[in-house]
Chemist: 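Please read through the structure below; I'll follow up with questions.
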Amino acid sequence: MTLARQAGKTIVPFPRTGGTAGRCFEQMRADPRHHGGLVRSILDEIGACENAAQYGMLVERIVSMKVEARN
C-alpha cells in the first residue's frame, strides 16, 4: 500500500477479502489523504460490493474514468 501511494497509484481494494485489502479500505474511508483520487461515492460502492463480479465491474468503471480523465 505504501509504495503504491508513494508512486501516486490508485488503490482499489476489495475489502470483503479481509487482510490488507480490508485495512487499506478502512484507511481510505477514514482519511481523505488516502483516497487515491477516488470520490467518496466510489468508496461507498466498493464497500457495497458483495461478490467478485460486482467488484470487477466497478474496477472496470474506475479504470475507464481514470483513462477518460487523462485524455
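Keep in mind that this is a model prediction, so the values were computed, not measured. Residue indices begin at 1 and follow the sequence shown.
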Chemist: Which residues satisfy the side-chain hydrogen bond (donor to acceptor under 3.5 Å, both in side chains) test with Lys66, sequence neighbours excluded?
Modeler: Thr10
Chemist: Can you list the residues that meet the side-chain hydrogen bond (donor to acceptor under 3.5 Å, both in side chains) rule with Arg29, with sequence neighbours excluded?
Modeler: Asp44
Chemist: Same cluster or not: are Val39 and Val59 linked, directly or through other Ile, Leu, Val, Met, Phe, Trp or Tyr residues, by side-chain heavy atoms under 4.5 angstrom apart?
Modeler: yes
Chemist: Do Val63 and Leu58 share a hydrophobic cluster (ILVMFWY, side-chain heavy atoms under 4.5 Å, transitive)?
Modeler: yes
Chemist: How would you list all residue pairs meeting ring-ring contact (aromatic ring centres under 6.0 Å, His included) that involve residues 50-70, not counting sequence neighbours?
Modeler: Phe14-Tyr55
Chemist: Using side chain to side chain contact (heavy atoms under 4.5 Å, CB included) as the criterion, list what pairs up with Pro13, not counting sequence neighbours.
Modeler: Ile11, Ala21, Cys24, Phe25, Met28
Chemist: Tell me, please, which residues at least two apart from Asn51 pass side-chain hydrogen bond (donor to acceptor under 3.5 Å, both in side chains).
Modeler: none
Chemist: Listing request: all salt bridge (charged side-chain N to carboxylate O under 4.0 Å, His left out) pairs with a residue in residues 45-64, at least two apart in sequence or in separate chains.
Modeler: Glu45-Arg61
Chemist: Sequence neighbours left out, what passes salt bridge (Lys or Arg N to Asp or Glu O under 4.0 Å) with Arg33? Give chain and number order.
Modeler: Asp31
Chemist: Applying side chain to side chain contact (heavy atoms under 4.5 Å, CB included), name anything that partners Met65, two or more places apart in sequence or on another chain.
Modeler: Ile42, Ile62
Chemist: Can you list everything that forms a salt bridge (Lys or Arg N to Asp or Glu O under 4.0 Å) with Arg16? Sequence neighbours excluded, please.
Modeler: none
Chemist: Would you compute the distance between atom CG of Leu3 and atom CD of Gln6 and round it to the nearest 0.5 angstrom?
Modeler: 5.5 Å
